[in-house]
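Just so we're on the same page: letters track the sequence lines, and every chain starts at 1. Hydrogens, waters and symmetry mates are skipped; everything else that's a heavy atom, side chains included, is used.
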2 protein chains.
Amino acid sequence: MSENNPAAENKVPVFQKVIDHLRDEIRSGKLPEHSALPSERAIGKQFGISRMTARRALLAVEQEGLAYSSGRRGRFVSPQRLTYDISKTVSFFAHAESGELGLKIELISKQLTQADAALAAKLAVAEGDALYKYTRLFLLKGHPAFVEEEFAVAHLFPDLFSHDLQQSTTLLMEREYGMPPHSGDISIRMRALNEEEAGLLGLPTYNAGIELEQVIYGSDGKPFCFGRQIWRGELAEFSAHAIVTG
Amino acid sequence: MSENNPAAENKVPVFQKVIDHLRDEIRSGKLPEHSALPSERAIGKQFGISRMTARRALLAVEQEGLAYSSGRRGRFVSPQRLTYDISKTVSFFAHAESGELGLKIELISKQLTQADAALAAKLAVAEGDALYKYTRLFLLKGHPAFVEEEFAVAHLFPDLFSHDLQQSTTLLMEREYGMPPHSGDISIRMRALNEEEAGLLGLPTYNAGIELEQVIYGSDGKPFCFGRQIWRGELAEFSAHAIVTG
DNA sequence: CCAATGTCCTGGTATATACCAAGGGAAAAC
DNA sequence: GTTTTCCCTTGGTATATACCAGGACATTGG
């Protein structure tokens, strides 16, 4: 390895071979879901390469979504991806409940805040109007899947915070306040995680994730809730059925 | 820099500061779209850090989507993100044409092939049935945006390849074959690029992108085309309007 | 029995160095 | 004037090394 210039080598970078090897081990099931990958030092020794090169390969595999790192404990094989049909429901929770995904919600923070210009426009309220804001972490089978920040128009949901927020808020709003969701505007993009999100999701800070934003409208056509979810990219798949118009 | 243990430093990693600095330069407009970022070596010198640390910061900024690298020419500031409304149209081209995005299509390959099990199921044909397959690269203002692989049921579109494929194929199918799109099933996920895609999009191989798959149905409710697009993650945003059912 | 301590493992950060390959442009050759 | 050649800059790969911080776990001390 690492001769001055073998040139006989297929020009395939060393770290690529390691990536391919790890990918195979995972895809083939030799390494089952949530099992530990070899450590950086172990891979370096196994392949006769430096730790930094092994690390490069592991980071690539991690970024690919095949593995996730868990702080300084090690890297583990990612679980299966799950699908979220955005054209049928506006609540992931309702969707997840129907299956057997062990869904758990952790409340990270809640506060009463005021609408800034962007939120005011989205929720059709005046700038400065009171909004409930709460941040929650959603776990599937004990593993972080996405972080959601939600803003609800305060005057529509008096004493919202007196209720348990570790449940579907759209269901809560429907049951307790008679505000069923009728439709939603959704947008999806890929972006980098900020520090807080990365910490909650157990990812390196500048990893990419998928952001899903949605404005939820009631039967009267007026928006009452705005949510912003940031997903671990390897976990989510969003599906929809579109009817062609105009 | 790099004393044994200052501990006075705010514990903020060096590369983070560089990232923040670059982000500011880009966000503030000091570095306009498509302008060159400082090179790895230049940043190393400027901040008094090693090239590898500077590189780390640049890769993070790149991954964030704020910059793109162009082979060994350097890194440049990314252009604005654009939005693709998946609930209204099934053709990105038609969407893009309406705006002033300089859209160009490059034909990468075309062939007549046979449906494998997965494609047969998606297109409601028998396994082994003839399909047209073509791969195209879509550029916006001269910059690669996504690669699309499309499969069309062959017997519905005789001599498809005699037409110009550097245009919207849904429009082509509608105009030349009387097969307007009626609806589509779409799914979106984040995944890593393979070598070919990365090469076409000008990205490192293991980079993440957004994959959009769609089956297009005609007025008779039968599928006639399947497409798989892989987007540069920082360029795309997908929006939809959902009506809550069930 | 339980708490505190210490050791070993892990990944995270940072540096210094080396060479390669490809793009770009200036200089030299035609 | 045009083509060719060469050099410089750029990113890409790879290594060796160093220290930090946090989790896991066994050992020790009360």
Using heavy atoms and a sub-4.0 Å distance, could you list which residues of residues 51-61 of chain B are near DNA chain D? By number, please.
B:R51, B:M52, B:R55

Go nucleotide by nucleotide along DNA chain D from the 5' end; which of A:P13 and B:L37 gets its closest nucleotide reached first?
B:L37

Starting from the first five and the last five pairs of the helix from C:dC1-D:dG30 to C:dC30-D:dG1, work out the angle between the resulting helix axes, to 10 degrees.
10°

Output every pair passing salt bridge (charged side-chain N to carboxylate O under 4.0 Å, His left out) with a member in residues 230-240 of chain A, not counting sequence neighbours, ordered by first then second residue.
A:R232-A:E234, A:E237-B:R189

Heavy-atom closest pair (B:A145 atom, B:L140 atom, distance to 0.1 Å) is CB-CD1, 3.7 Å

Mind checking what makes ring pair (Phe, Tyr, Trp, His ring centres under 6.0 Å) contact with B:Y132, not counting sequence neighbours?
B:F161

My understanding is that only residues two or more places apart in sequence, or in another chain, count here; which of them pass side chain to side chain contact (heavy atoms under 4.5 Å, CB included) with B:A208?
A:Q63, A:M190, B:M190

Scan nucleotides 8-10 of chain C against the protein and return all N/O pairs shorter than 3.5 Å with their distances rounded to 0.1 Å.
{"residue": "C:dT10", "atom": "OP1", "partner": "A:S39", "partner atom": "OG", "Å": "3.1"}

Over how many whole Å does the gap from B:Q16 atom CD to D:dC20 atom C1' extend?
16 Å

Nearest whole Å is fine: how far is C:dT15 P from B:K45 NZ?
17 Å

Applying side-chain hydrogen bond (donor to acceptor under 3.5 Å, both in side chains) to A:D20 and not counting sequence neighbours gives A:R23

Sequence neighbours excluded, the answer for side-chain hydrogen bond (donor to acceptor under 3.5 Å, both in side chains) partners of B:S78 is none

Whole angstroms only, please: what is the CD1-C1' distance between B:I49 and D:dA18?
18 Å

Taking B:Q166 for its side chain and B:I105 for its backbone only, find out whether a donor-acceptor pair lies under 3.5 Å.
yes

A:R72: which residues meet the side-chain hydrogen bond (donor to acceptor under 3.5 Å, both in side chains) condition with it, sequence neighbours left out?
none

Sequence-distant partners of B:K133, salt bridge (charged side-chain N to carboxylate O under 4.0 Å, His left out), two or more places apart:
B:E149

Can you list the residues that meet the ring pair (Phe, Tyr, Trp, His ring centres under 6.0 Å) rule with A:F76, with sequence neighbours excluded?
A:Y68

Mind checking what makes side-chain hydrogen bond (donor to acceptor under 3.5 Å, both in side chains) contact with A:R51, not counting sequence neighbours?
A:E40

Length of the line joining A:F47:CZ and D:dA14:C1', which is rounded to integer Å:
16 Å

